[in-house]
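One structure is given below, encoded as structure tokens.
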There are 2 protein chains.
Amino acid sequence: MKRNTWQREAVREALVTADGFVSAQSLHSTLRDGGSPIGLATVYRALSDLTDGGEADSLQSMEGEALYRACTSGGHHHHLICRNCGLTVEIEADAVETWATSVAAANGFTQPQHIVDVFGLCAACSRAAADQ
Amino acid sequence: MKRNTWQREAVREALVTADGFVSAQSLHSTLRDGGSPIGLATVYRALSDLTDGGEADSLQSMEGEALYRACTSGGHHHHLICRNCGLTVEIEADAVETWATSVAAANGFTQPQHIVDVFGLCAACSRAAADQ
DNA sequence: CTGATTTTGACAATCATTCTCAACTGCGCG
DNA sequence: CGCGCAGTTGAGAATGATTGTCAAAATCAG
């Protein structure tokens with residue numbers, strides 16, 4: 001049976017509050033800084049539960065750590081992520097979906113899964129970078 | 001100055017010999033099994049040199065480890081990878097390139113980079129899976 | 001060959017993530 | 001309301017990939 005604990009809620013809320021992708025580690029520090037004595041292992045467990053349950057998305061940053069985000073649209077989608085501030089835009093890409101499926105089929109591959117993510121600098125960070 | 005050592009050559013050759021993506025770890029064991037007393041650190045160094053020099057591609061597997069492959073075409077391309085046997089097909093995808101660039105621009109993002117890889121089961125492994 | 005400089009490799013150090021396990025707690029039942 | 005127990009927590013250990021350290025060994029130009 002699945003229980004409701006304040007820890008799970010805290011993680012869910014922290015995820016929603018952060019408006020971009022965050023690593024499990026930084027989510028944990030944020031919670032600790034906010035006064036919760038929540039454990040790191042629990043944050044990881046809560047995050048993977050949320051991911052499994054479809055309430056959150058996860059992806060690997062270019063530096064290799066796993067990032068998480070509360071996902072707004074239930075369906076399948078991809079992301080455009082600012083590699084400086086973490087700001088994220090969800091993008092629909094039917095074109096890419098069908099391309100992936102057909103390129104897989106054309107080469108005899110079955111059960112295609114794909115990883116498609118775009119990283120860049122958002123408008124604000126681009127400006128900041130130009131200014132410096 | 002860059003020197004030529006048999007270790008670097010061994011890594012380059014092992015990479016070419018393997019016909020799909022391999023992890024640094026398994027490349028290391030392969031070399032050791034083949035009789036080379038090469039060190040793990042050296043394999044990692046050689047691989048990142050090759051990657052920097054454009055002689056190899058690297059990507060993150062779905063399990064989180066870094067995989068490497070000798071790349072045949074010099075240009076920018078993506079991959080279709082069998083998640084069972086590692087067989088890899090290089091795919092050109094101008095459509096995806098331009099899509100990524102334009103979707104980034106449309107949202108005010110600059111300096112777009114993208115990760116686009118397709119995993120699946122190759123024909124042989126699909127058959128094997130069906131048989132089991 | 002010689003000397004300077006790069007490279008190597010055993011091992012320690014890091015870092016994210018997962019595991020372990022005893023203590024704890026939400027929740028249904030009486 | 002109080003019990004009991006299965007799901008949950010959390011501190012710390014364990015894991016596993018990757019990177020750093022540094023003395024010893026190897027490379028290459030002259």
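All values derive from a computational prediction rather than experimental measurement. Computation of the quantities below employed the complete heavy-atom set of this structure, encompassing side-chain atoms and omitting hydrogens, waters and symmetry-equivalent molecules. In what follows, chains carry the letters A, B, and so on, assigned in the order in which the sequence lines appear, proteins first and then strands, with residues in each chain numbered from 1.
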Roughly how many Å is it from CG in A/Asp49 to C1' in D/dG7, rounded to a whole number?
11 Å
Can you see if the side chain of B/Thr42 gets near the phosphate of C/dT8 - specifically, an N or O under 4.0 Å from OP1 or OP2?
no
Interatomic distance where CD1 belongs to A/Ile38 and C1' belongs to C/dT25 [whole Å]:
15 Å
Report the distance from atom CZ of A/Arg12 to atom P of D/dT8, rounded to the nearest whole Å.
13 Å
Centroid-centroid distance, A/Phe21 to A/His79, less than 6.0 Å:
yes
Atom pair distance, as rounded to whole Å: OH in B/Tyr44 and C1' in D/dT21:
17 Å
Donor on one side chain, acceptor on other, A/His114 and A/Glu97, under 3.5 Å:
yes
With nearest nucleotides of DNA chain C determined for A/Leu40 and B/Ala46 from heavy-atom distances, which residue corresponds to the more 5′ nucleotide?
B/Ala46
Do any side-chain nitrogens or oxygens of B/Gln60 fall under 4.0 Å of OP1 or OP2 in D/dA17?
no
Interatomic distance, B/Leu47 CG vs D/dT19 C1' [rounded to whole Å]:
14 Å
Between B/Thr5 and B/Arg8, is any pair of side-chain heavy atoms under 4.5 Å apart?
yes
Just checking B/Gln25: base, sugar-phosphate only, or nothing, at a heavy-atom cut-off of under 4.0 Å?
base
Across the strands shown, which category fits A/Thr5 at heavy-atom distances under 4.0 angstrom: base, sugar-phosphate, nothing?
sugar-phosphate
Roughly, in whole Å, what's the span from NE2 in B/His28 to C1' in C/dC11?
13 Å
Side-chain donor-acceptor contact under 3.5 Å, A/Ser26 with A/Ser23:
yes
Side chain of A/Ala41: nearest nucleotide among C/dT7, D/dG12, D/dT8?
D/dG12
Can a side chain N or O of A/Ser23 be found less than 4.0 Å away from OP1 or OP2 on C/dA16?
no
Is there a donor and acceptor pair closer than 3.5 Å between the side chain of A/Arg45 and the base of D/dG10?
yes
How close or far is atom P of C/dT14 from atom CD of A/Glu65, stated in whole angstroms?
18 Å
Side-chain donor/acceptor of A/Arg3 to base of C/dT25, under 3.5 Å
yes
Tell me the interatomic distance from A/Trp6, atom CH2, to D/dG10, atom C1', rounded to whole angstroms.
10 Å
Return the nearest nucleotide to the side chain of A/Arg8; candidates are D/dT8, C/dA16, D/dT19.
D/dT8
Please answer whether the main-chain N or O of A/Val116 pairs with a side-chain N or O of A/His78 as donor and acceptor at a distance below 3.5 Å.
yes
Options D/dT9, C/dT17, D/dT18, nucleotide nearest the side-chain atoms of B/Ala66
D/dT18
Between B/Tyr68 and A/Lys2, which is nearer to the 5' end of DNA chain D once each is assigned its nearest nucleotide?
A/Lys2
